[in-house]
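Keep in mind that this is a model prediction, so the values were computed, not measured.
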Amino acid sequence: MLSPKRVKWRKQFVGSAHGLAYRGSTLNFGDYGLQATEEFRMTARQLEAARIAISRSIKRGGKIWARVFPHTPVTKKPAETRMGSGKGNPELWVARVKPGKIIFEMDGVTKEQAQEAFRLAAHKLPFKTRFLVRE
């Protein structure tokens, strides 16, 4: 699973992720892309599951770029714990995804292969996506 090697602070505020993604909203590396159309917090497990689905679909052909990384820690308190006594410990890592952000890019495969691979990956993700092709 993806997670940062080091972080400056162990625990972060939840914050709010509204608005559109201006950075990372155009195809920079490959000819095909999978773009988010909703705002969501994507876990490292979901990102890895989608990446595996893509790589198995294209059978080690072509090149894949993952354009997001789970930098944000999410804390959880143990089950059946009383209120208070501080914030819980970091349990998982998430990537904040805004509408318009490109999640994956791909090159070196046909359009049909890329479309099928991204369709399989989109089933692993908790938000709506769309398929992009470089003009």
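Applying the side-chain hydrogen bond (donor to acceptor under 3.5 Å, both in side chains) rule to E116 yields the partners R119; only residues at least two apart in sequence or on another chain are considered. The side-chain hydrogen bond (donor to acceptor under 3.5 Å, both in side chains) search around E105 returns R67, not counting sequence neighbours. Not counting sequence neighbours, the partners of R134 by the salt bridge (charged side-chain N to carboxylate O under 4.0 Å, His left out) test are D31. Take M1 and apply the side chain to side chain contact (heavy atoms under 4.5 Å, CB included) test, not counting sequence neighbours, and it matches A44, R45.
Open room surrounds NZ on K128; 12 or fewer heavy atoms of other groups in view lie less than 6.0 Å from it. For K11, the NZ atom sits in a packed shell: over 12 heavy atoms of surrounding residues, nucleotides or ligands are nearer than 6.0 Å. Counting non-hydrogen atoms of neighbouring residues, nucleotides and ligands closer than 6.0 angstrom, the NZ atom of K124 reaches no more than 12 such neighbours.
Here the straight-line distance linking atom CH2 of W93 with atom CG of L47 works out to 14.5 Å at 0.5 Å rounding. The line from CD of Q35 to NZ of K101 is 10.5 Å long, rounded to the nearest 0.5 Å. One distance of note links CZ of R96 with CE of M42; it measures 13.5 Å at 0.5 Å rounding.
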Side-chain donor-acceptor contacts of residues 49-56 below 3.5 Å, not counting sequence neighbours, with atom names and distances?
| from | atom 1 | to | atom 2 | distance (Å) |
| --- | --- | --- | --- | --- |
| R51 | NE | E48 | OE1 | 3.2 |
| R51 | NH2 | E48 | OE2 | 2.6 |
| S55 | OG | R51 | O | 3.3 |
| S55 | OG | I52 | O | 3.1 |

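Under the 4.5 Å side-chain heavy-atom criterion for grouping Ile, Leu, Val, Met, Phe, Trp and Tyr, F104 is connected to F131 within one hydrophobic cluster.
Within the structure, ring pair (Phe, Tyr, Trp, His ring centres under 6.0 Å) contacts touching residues 48-92 (residues at least two apart or in different chains) are F29-W65, F69-H71.
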